[in-house]
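For this chain, numbers begin at 1 and follow the sequence in order. Quantities reported herein were computed from a predicted structural model and do not represent experimental measurements.
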Amino acid sequence: MKTKDPLILLLAEIAFDVLTPLIKYAGAASPFKAKITVRHGDADFPLLIVGSAHQPQEDGQVIAVLNPDLDLESAIHAGCAYHGPLLKDIVSGKCNAMVMVWLDAYKRPEAGRTILASYVSRSPSAPKFKVE
């Protein structure tokens, strides 16, 4: 992971922590989508996590979106691969930050972790909703 942005590194670490155990138990192509609450700074924010785990190939991809607009949940589909610039266009101005990561479990832990795309808003907003 080459970025030094602490928010992107935090989101990437969460994404890898979610994906790693899923790969062990996933089928050939197991899409997933979840919303969780994460603490960033002094506030709790919703985090949308979308991805796909592949046990036979021992790899997977995750998109983590911090403080998404409600319409982003339906705009980003589980199991779909996105091209970085297209994903940035989809989330631009609609969240505080986003990271897309890929994990190749066949490689050494750090070598198999790749940040494919990232986005950080120039004007982050307060939490938009509470995860129920």
Side-chain angles (χ1 to χ4, degrees):
M1 295 187 294
K2 296 179 182 180
T3 185
K4 293 185 182 195
D5 185 297
L7 181 55
I8 295 302
L9 291 174
L10 171 69
L11 292 179
E13 192 62 35
I14 292 169
F16 289 125
D17 286 349
V18 168
L19 183 57
T20 301
L22 289 176
I23 289 173
K24 185 176 181 179
Y25 301 104
S30 298
F32 58 89
K33 184 182 268 192
K35 290 184 286 189
I36 62 172
T37 301
V38 296
R39 174 143 311 269
H40 178 63
D42 294 334
D44 290 336
F45 287 91
L47 180 68
L48 174 64
I49 300 174
V50 178
S52 183
H54 311 276
Q55 192 277 330
Q57 292 82 17
E58 295 187 22
D59 68 3
Q61 184 173 323
V62 174
I63 300 166
V65 184
L66 183 66
N67 203 25
D69 285 356
L70 289 173
D71 66 331
L72 277 181
E73 186 174 357
S74 61
I76 300 174
H77 303 281
C80 290
Y82 288 89
H83 180 52
L86 172 63
L87 183 59
K88 286 180 184 181
D89 188 50
I90 292 169
V91 302
S92 182
K94 297 179 181 175
C95 66
N96 289 8
M98 174 279 303
V99 67
M100 179 172 56
V101 301
W102 178 62
L103 177 65
D104 183 348
Y106 283 121
K107 296 183 178 178
R108 292 184 335 265
E110 285 304 312
R113 295 176 168 216
T114 305
I115 295 176
L116 300 174
S118 63
Y119 164 82
V120 177
S121 174
R122 291 188 179 143
S123 54
S125 61
K128 297 176 182 170
F129 62 91
K130 186 176 179 177
V131 176
E132 299 290 335

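Annotation: side-chain contact (heavy atoms from CB on, under 4.5 Å) contacts of A34 (sequence neighbours excluded): none. With sequence neighbours left out, the side-chain contact (heavy atoms from CB on, under 4.5 Å) criterion links I90 to L72, A75, I76, Y82, L86. With sequence neighbours left out, A126 forms a side-chain contact (heavy atoms from CB on, under 4.5 Å) with no residue at all. Among residues two or more places apart in sequence or in another chain, the side-chain hydrogen bond (donor to acceptor under 3.5 Å, both in side chains) test is passed with H54 by S52. In terms of the salt bridge (charged side-chain N to carboxylate O under 4.0 Å, His left out) criterion, residue partners of D44 (sequence neighbours excluded) are, by chain and number, R39.
For residues 60-73, the pairs satisfying side chain to side chain donor-acceptor pair (under 3.5 Å) are K35-E73, N67-N96, N67-S125, D69-K128, with sequence neighbours left out.
In this structure the side chain of I8 never reaches within 4.5 angstrom of the side chain of Y119, judged on heavy atoms. Between V99 and I115, the closest side-chain pair of non-hydrogen atoms falls below 4.5 Å. In this structure, M98 and V120 have side chains that are not in contact, with every pair of non-hydrogen atoms separated by 4.5 Å or more. Looking only at side-chain heavy atoms (C-beta outward), L87 and I63 come within less than 4.5 Å of each other. At a threshold of 4.5 Å between non-hydrogen side-chain atoms, the residues L22 and F32 count as touching. Between L11 and L47 there is a side-chain heavy-atom pair separated by less than 4.5 Å.
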Would L19 and I23 count as a side-chain contact (heavy atoms from CB on, under 4.5 Å) here? Give the steps. CA-CA 6 Å; L19 183 57; I23 289 173; 3.9 Å; yes
Before you tell me yes or no, could you show the steps for K130 and T37 under side-chain contact (heavy atoms from CB on, under 4.5 Å), namely the whole-Å CA-CA distance, both residues' side-chain angles and the distance that decides it to 0.1 Å? CA-CA 8 Å; K130 186 176 179 177; T37 301; 5.8 Å; no
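The shortest non-hydrogen separation linking R113 to T20 is NH2-OG1, 4.5 Å. A pairwise comparison of heavy atoms in W102 and F16 identifies O-CE2, 3.6 Å as the closest pair. A64 and A15 make their closest contact through CB-CB, 4.5 Å (heavy atoms, listed as atom of the first residue, atom of the second, distance). Closest approach of P46 and P68 over heavy atoms only: O-CD, 3.7 Å.
Atom CG of L48 sits about 10.5 Å away from atom CG of L66, to the nearest 0.5 Å. Taking CG from L9 and CD1 from I14, the interatomic distance works out to 11.5 Å, rounded to the nearest 0.5 Å. Here the OG-NZ distance, from S121 to K94, works out to 13.0 Å after rounding to the nearest 0.5 Å.
No donor-acceptor pair under 3.5 Å is formed between the side chain of T114 and the backbone N or O of L116.
Under the 4.5 Å side-chain heavy-atom criterion for grouping Ile, Leu, Val, Met, Phe, Trp and Tyr, F45 is not connected to F129 through any hydrophobic cluster. Following chains of ILVMFWY side-chain contacts shorter than 4.5 Å, one cannot reach L70 starting from V91, and the two form parts of different hydrophobic clusters. A single hydrophobic cluster is not seen to contain both V131 and V62; linkage of ILVMFWY side chains at heavy-atom distances under 4.5 Å, directly or through other members, places them apart.
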